[in-house]
Chemist: 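The structure under discussion is supplied below as structure tokens; questions concerning it will follow.
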Amino acid sequence: MTGDNIGLPAVHHVVADPQKIEAAPDYSHLRFARGYVLHTKDTTPAVPEFWGQREFAGRVFRWDPRVSVAVASAKDQEVLICGHALDPNLGTTDLGTIAARLLVALQSSRQAYLDVLEEMFGQFVVLDRVHGEVRAQTDAIASRALFHDDQATLIASHVNLVGRTLKRKASKFTKWLSQPKTQDYPGRTTPYDGVWLLTPNTELTLGTGDITRIGPRPYEPMTVEQAADLMQPVLETQVAVLLESGRKVVVSASAGIDSRTSLAAFARAQNKKSVEVFTYTKALGSGRQSRELHRDKLAATMAADLGLSHRLFDLNTAQRPPKEYVNLLRELSSRRSNTVISWVYHSNLPHDSLHIRGQINGVGKWHFATMLHFSESLELSARRMASLTKRGKDADKPLDDPWWDLGQEGFQEYIETTKLRSVPTGYRSTDLFLWEHRVANWNHAHIVESDVTFDTYQLFGSRRMIRLMLSVPEIDRVQLALFRELIRRLEPRLLKYPLNGKTWEEPTYDLPLSAYQAGTTRTWAEVQNLRKRISTANVKLKSRRQEIARLRKELAHAQKNVAELQAKLATAERAAPDTALQQVKRGVRSIRSRLSSR
């Protein structure tokens, strides 16, 4: 505890202490791992008894001891941060120091407070109180999620902690998720009626449920080199601070661009013994999967080249998780990720280490823009957002099909509530869709299933770093030019390895952006008309196939009847009495026989 009587912050820091948690045979000690809940004093969420507890802003804050909590307070203002964080300007992961800096900034102005959070990395939730008003937000990509009810009387890291505590009914949007090939709930919706997900770049006011957009901030267009000049020192600072913190760092690698950038960042680390690289593979070694297996094994070669230890986990032969463990995971998210991968993590990798992921890097790749037909607008409608959450044949349904109505409703609520259309000029809604929805919503299931083992950390996971990724020209983004430049500066040897089975060539500027998008030389209207014609033809084809199947069935039935009649006829012929002619013939044969014997 620090502070004085002249307004300097008093800091109460409870350091993570996972050793105090006693393991249970049914894995119940992992319930809502690394989670938290803030509730009124008359509410009793069903969290483990060993969770920590303290008062904040007249409410009760409870948290899992696997993560740290720091509260800085002075006069009528206070800040609470829960999870793990890294402040690149202070060069520290100490949560108490970070909380104190946040409070000092808040005392100066709200803008100064948001300035500090703009550059912070980690997996955390942060609350602040100014007089009687309390607000909450997550890290830049909501890797530590926040769910809340309509008035934000209760907030928590896991949707079941809110929905079950408040005894909410099932949301109508569960129908959307139950349909085949659905990736996630639309917009901010959840499995519970009146329970919402707080998306990145927004802030929640407790007691009213008001949502305020706080990002992204305007950006200045930059060249790849200019953006790399600003990003490289931040990457190097993070690596140095993380390794100095004494925590084990595990990097998931598949030889793709995201993990390759992470490997490049740690390539020149002073303490490589604290870094372990791992890869899991689902490939069986034939056809397309053979290429995937080659890619997965390539990650091992790259790690060895950099002097980093590496392990390859084969999910085909991996031990299946116990039933009790699977049941535990069902509580964590409305959507399953991969229980086998979760169990591999828990069984083989150091608990309470720091897991380096790279999902947010996709924002810098022009990801969803490449999936659209080149004649489409990159400013997505709510209905088009809904279609992007589907895969397979479901995604080919015409957008005027009523089937999309429910998804559109969810995304329209997200657009209006978060004031998505108010973001500064230059941002594409395809990029914000990936950042605020796909990474925060779809990725949630992956993160909570690894929370039972270790914390998650992303090297590009601050609002400023994401803004820098989006500041370079789109023709460079689609060709991964920024990542290539960062790797060239950090560890150029990694450029020599093939990327997705092909030689990684220098960016070219000979082709238009449309050349990197889906589609043909047909216009969008022509493609839509062609799809309708194909759909109509498929309906007719289906009808004809059904008619052929019916006729074949009738033919088989008729053939069976013919066979039965033939069998009856043969039986009748064998049992029928001799005719007079047959008797005469036998008589003639008898006479001939007697004559020949004489």
Side-chain angles (χ1 to χ4, degrees), residues 1-16 36-43 51-63 65 67-122 124-140 144 146 148 151-157 198 201-215 217 462-463:
M1 182 81 73
T2 61
D4 55 31
N5 295 323
I6 58 174
L8 293 178
V11 179
H12 182 69
H13 185 192
V14 182
V15 179
Y36 68 89
V37 60
L38 178 72
H39 59 92
T40 57
K41 295 180 179 180
D42 59 353
T43 308
W51 275 29
Q53 177 176 321
R54 67 160 291 137
E55 183 174 326
F56 181 81
R59 301 167 175 85
V60 179
F61 186 82
R62 303 195 65 185
W63 74 96
V67 294
S68 299
V69 170
V71 179
S73 55
K75 296 184 177 179
D76 290 331
Q77 297 175 317
E78 56 184 339
V79 172
L80 181 152
I81 183 168
C82 176
H84 68 91
L86 186 151
D87 186 323
N89 292 312
L90 293 180
T92 185
T93 58
D94 182 84
L95 221 57
T97 303
I98 291 172
R101 186 187 182 209
L102 284 169
L103 182 59
V104 170
L106 184 63
Q107 290 174 314
S108 173
S109 69
R110 184 146 210 94
Q111 185 61 48
Y113 173 73
L114 294 176
D115 287 345
V116 176
L117 289 171
E118 183 79 6
E119 305 202 23
M120 276 178 50
F121 298 83
F124 59 84
V125 62
V126 59
L127 310 171
D128 70 85
R129 180 183 65 82
V130 178
H131 305 298
E133 186 172 62
V134 182
R135 302 184 189 184
Q137 61 176 281
T138 67
D139 56 80
R144 172 52 60 236
L146 189 159
H148 63 93
Q151 284 75 45
T153 61
L154 186 150
I155 66 172
S157 54
L198 183 68
N201 292 316
T202 62
E203 190 174 53
L204 173 70
T205 301
L206 274 61
T208 66
D210 292 339
I211 303 294
T212 304
R213 178 163 285 278
I214 56 175
R217 294 183 174 183
S462 75
R463 285 196 283 266

Chemist: Of all the heavy-atom pairs spanning R101 and L90, show the shortest one and how long it is.
Modeler: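 Answer, listing the atom of R101 first, then L90: CD-CD1, 3.5 Å.
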
Chemist: Could you measure the distance from the CD1 atom of I211 to the OG1 atom of T205? Nearest 0.5 Å is fine.
Modeler: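 Going from CD1 on I211 over to OG1 on T205, the span is 7.5 Å.
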
Chemist: Compare all side-chain heavy atoms of T93 with those of H84 and state whether any distance is below 4.5 angstrom.
Modeler: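 T93 vs H84: side chains apart.
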
Chemist: Rounded at 0.5 Å granularity, tell me how far CD1 in I155 sits from CZ in R59.
Modeler: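 Taking CD1 in I155 and CZ in R59, the distance rounds to 8.5 Å.
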
Chemist: How many angstroms lie between CG in L38 and OG1 in T43, if you round to the nearest 0.5 Å?
Modeler: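 Here the interatomic distance stands at 10.0 Å.
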
Chemist: Under the rule for side chain to side chain contact (heavy atoms under 4.5 Å, CB included), what residues qualify as partners of S462, not counting sequence neighbours?
Modeler: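 By the side chain to side chain contact (heavy atoms under 4.5 Å, CB included) rule, S462 matches F121, R464, M465.
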
Chemist: Does the side chain of Y113 reach to within under 4.5 Å of the side chain of V79, using non-hydrogen atoms?
Modeler: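 With C-beta onward as the side chain, the pair touches.
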
Chemist: State, with a plain yes or no, whether a side-chain heavy atom of V69 is found less than 4.5 Å away from one of F61.
Modeler: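 Yes; the side chains approach each other to less than 4.5 Å.
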
Chemist: Mind running side chain to side chain contact (heavy atoms under 4.5 Å, CB included) on L117 and R463 for me, showing each step along the way?
Modeler: CA-CA 8 Å; L117 289 171; R463 285 196 283 266; 3.7 Å; yes

Chemist: What pair of heavy atoms forms the shortest contact from L95 to S68, and how long is it?
Modeler: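 Heavy atoms of L95 and S68 come nearest at CD2-O, 3.5 Å.
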
Chemist: With a 3.5 Å distance limit and no angle check, can you tell me whether D139 reaches the backbone of F124 through a side-chain donor-acceptor pair?
Modeler: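 Between the backbone of F124 and the side chain of D139 there is a qualifying donor-acceptor contact (under 3.5 Å).
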
Chemist: How long is the gap from OG1 on T153 to NE2 on H39, to the nearest 0.5 Å?
Modeler: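 It comes to 11.5 Å.
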
Chemist: Identify the heavy atoms of W63 and Q53 that sit nearest to each other, and give their distance.
Modeler: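 Closest approach of W63 to Q53: CZ3-N, 3.4 Å.
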
Chemist: Name the residue from L206, D128, L204, T208 that meets the side-chain contact (heavy atoms from CB on, under 4.5 Å) definition with V134.
Modeler: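 Testing V134 for a side-chain contact (heavy atoms from CB on, under 4.5 Å) against L206, D128, L204, T208 leaves exactly one candidate, L206.
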
Chemist: Taking all atoms of both residues into account, what is the closest heavy-atom pair of L198 and A136, and its distance?
Modeler: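 Heavy-atom minimum between the residues: CD2-O, 3.8 Å.
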
Chemist: Report yes if the side chains of T138 and R144 come closer than 4.5 Å at any heavy-atom pair, otherwise no.
Modeler: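 When only atoms from C-beta onward are counted, R144 and T138 do not touch, as no gap falls below 4.5 Å.
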
Chemist: Are the side chains of R217 and L114 in touch, meaning some heavy atoms are under 4.5 Å apart?
Modeler: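 R217 reaches L114 side chain to side chain.
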
Chemist: Of all the heavy-atom pairs spanning K41 and G58, show the shortest one and how long it is.
Modeler: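 The answer is CE-O, 3.7 Å.
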
Chemist: Mind listing the closest non-hydrogen atom pair of Q137 and T202 along with its distance?
Modeler: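 Heavy atoms of Q137 and T202 come nearest at CB-O, 3.8 Å.
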
Chemist: Are the side chain of R129 and the backbone N or O of H131 linked by a donor-acceptor pair below 3.5 Å?
Modeler: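 Yes, because the side chain of R129 sits within donor-acceptor range (under 3.5 Å) of the backbone of H131.
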
Chemist: Can you tell me how far apart CG (D115) and CE (M120) are? Round to the nearest 0.5 Å.
Modeler: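 Answer for the CG-CE pair, D115 versus M120, is 13.0 Å.
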
Chemist: Please report the C-alpha distance between R110 and I214 in whole Å, then the side-chain angles of each, then the deciding distance to 0.1 Å, and finally whether the side chain to side chain contact (heavy atoms under 4.5 Å, CB included) criterion is met.
Modeler: CA-CA 11 Å; R110 184 146 210 94; I214 56 175; over 6 Å; no

Chemist: Rounded to the nearest 0.5 Å, how far does CD1 of I81 lie from NE2 of H13?
Modeler: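 The NE2 atom of H13 sits 9.5 Å away from the CD1 atom of I81.
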
